[in-house]
Amino acid sequence: MYEQIVHGDYDYPSPEWDAVTSEAKHLIDSLLSVDPDKRFSASDALRHPWIANRDRVASKLHRQQTIDGLKKFNARRKLKGAILTTVLATNSLTGIFTKKPKEPGDIITDLIAETTPSLPVSGSFTGEDTPESAEIQHLTQQLLDYEVKRDWPNYSKLCHPGITGFEPQGHGHMIKGLEFQRFYFEATSTSPHKTLIMDPQVTMLGPDSAVIAYVRICQKLDAASNSIHSFHSNESRVWQRASGVWLNVHYHKSGISKTSSS
């Protein structure tokens, strides 16, 4: 490869370059010339017909392969921003109870390599009860209530079929799909308990996507000792709206810590 670079040995393979105009190829050749006297400067490039007369010279044909490639890249970039926001928000909340936040490690890279849902990255934090923030908080509380009630039909309706997530039970592996959660719904629980969302923080990543980070408080009655135990965990969820319907597409859960009993 080094020798090819030194000698300017390259070509325009088919079919990738078939739709590219000769003017565009000439500009590339001029910019990559190994002869300094022939190599284009920035000023030369700006005066080239392909740039100076772009409307007349540049091809009007947009190759679908190029568009698909750009969409794929953009989707991965957007997802990375959303998941980074999720992990950082969870780590921020973890600091309330622990001095050292958890390291996200390689989970971002792993997740992006596995899935590419389209999520906008430009976002704004809102701690206020805006309509969007209130809706995301309501949906999240509803999702947790369905989990407590073991209401699988309604719970699954709020989740994307390809949902991904990280939780202690996954032992560091990314969980994909709903089958992992479904197992816990089918397991019965005889101890009454209630789940509350505390300190919710909503970040709107765009008009149709959002991240919520919160502390989850679980109050549970131990029937054997007739005592009430309280537990907390830090969670964050990515929501995306499609065709007017919000769905949970990713989640991140910390370990559960016991806070009190009575």
Side-chain angles (χ1 to χ4, degrees), residues 74-98 101-102 104 107-108 111-112 115-148 151 154-168 174-175 178 181 194-219 231-257 259:
N74 199 37
R76 292 184 177 219
R77 178 181 62 83
K78 291 176 178 179
L79 177 62
K80 182 176 181 179
I83 303 307
L84 276 172
T85 302
T86 304
V87 175
L88 292 174
T90 300
N91 284 347
S92 177
L93 285 176
T94 302
I96 298 174
F97 301 99
T98 60
K102 295 183 178 181
I107 61 176
I108 304 300
L111 182 57
I112 293 171
T115 180
T116 57
S118 178
L119 292 170
V121 298
S122 57
S124 59
F125 168 77
T126 172
E128 303 175 357
D129 289 331
T130 62
E132 295 83 2
S133 173
E135 185 175 12
I136 294 300
Q137 291 181 46
H138 172 74
L139 287 170
T140 304
Q141 182 65 65
Q142 196 173 41
L143 188 73
L144 300 184
D145 289 343
Y146 289 146
E147 182 179 314
V148 170
D151 186 346
N154 284 318
Y155 178 91
S156 58
K157 287 179 182 178
L158 290 178
C159 297
H160 189 280
I163 186 173
T164 57
F166 292 92
E167 58 180 282
M174 182 178 69
I175 298 167
L178 288 167
Q181 289 92 334
K194 182 178 181 180
T195 294
L196 299 172
I197 292 177
M198 306 295 290
D199 302 322
Q201 301 178 43
V202 177
T203 300
M204 298 305 299
L205 302 170
D208 296 314
S209 55
V211 170
I212 180 171
Y214 54 92
V215 178
R216 178 176 181 173
I217 303 294
C218 180
Q219 298 168 299
F231 305 86
H232 77 261
S233 61
N234 306 306
E235 298 184 2
S236 50
R237 295 179 182 273
V238 178
W239 290 85
Q240 183 176 22
R241 180 165 53 189
S243 301
V245 179
W246 284 101
L247 293 176
N248 185 201
V249 297
H250 180 78
Y251 64 90
H252 193 96
K253 299 180 181 180
S254 72
I256 297 176
S257 301
T259 57

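For reference, positions follow the sequence shown, starting with 1.
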What's the spacing between Lys157 NZ and Gln142 CD if we round to 0.5 Å?
11.0 Å
Any non-hydrogen side-chain atom of Cys159 less than 4.5 Å from a side-chain atom of Leu178?
yes
For the residue pair Arg237 and Ile136, establish whether any side-chain heavy-atom pair is separated by less than 4.5 Å.
no
Note: Ile163 and Tyr251 closest approach over all heavy atoms is CD1-CD2, 3.8 Å
Could you check Pro168, Ser233, Ser236 and say which one makes a side chain to side chain contact (heavy atoms under 4.5 Å, CB included) with Lys253?
Pro168
Distance, nearest 0.5 Å, that separates CG of Asp151 from OG of Ser156:
8.5 Å
Which atom names give the shortest non-hydrogen contact between Leu158 and Trp239, and what distance separates them?
O-CZ3, 3.6 Å
Pairwise distance CG(Asp199) to OH(Tyr214) - rounded to 0.5 angstrom:
13.0 Å
Please name all residues satisfying ring pair (Phe, Tyr, Trp, His ring centres under 6.0 Å) with Tyr146, sequence neighbours left out, ordered by chain then number.
none
Can you tell me how far apart OG1 (Thr195) and CG (Leu143) are? Round to the nearest 0.5 Å.
10.5 Å
Taking the side chain as C-beta and beyond, is there a heavy-atom pair between Leu144 and Glu235 under 4.5 Å?
yes
Atom NZ of Lys194 and atom SG of Cys218: how far apart are they, to the nearest 0.5 Å?
11.5 Å
Residue pair Glu167 / Ile175, side-chain heavy-atom distance below 4.5 Å:
yes
Shortest non-hydrogen contact between Pro207 and Arg241, atoms and distance:
O-NH2, 2.5 Å
I'd like to check the side-chain contact (heavy atoms from CB on, under 4.5 Å) partners of Leu247; sequence neighbours left out, ordered by chain and number.
His160, Val245
Do the ring planes of His252 and Phe166 sit parallel (below 30°), tilted (30 to 60°) or perpendicular (above 60°)?
tilted
Residues Gln137 and Ile197: closest non-hydrogen pair is O-CD1, 4.2 Å
What's the shortest heavy-atom distance between Trp246 and Leu139, and which atoms?
CB-CD1, 3.4 Å
With Gln141, which residues qualify under side-chain hydrogen bond (donor to acceptor under 3.5 Å, both in side chains), at least two apart?
Asp145
Tell me, please, which residues at least two apart from Glu147 pass salt bridge (charged side-chain N to carboxylate O under 4.0 Å, His left out).
Arg216
Distance (rounded to the nearest 0.5 Å) between His232 NE2 and Ile217 CD1
7.0 Å
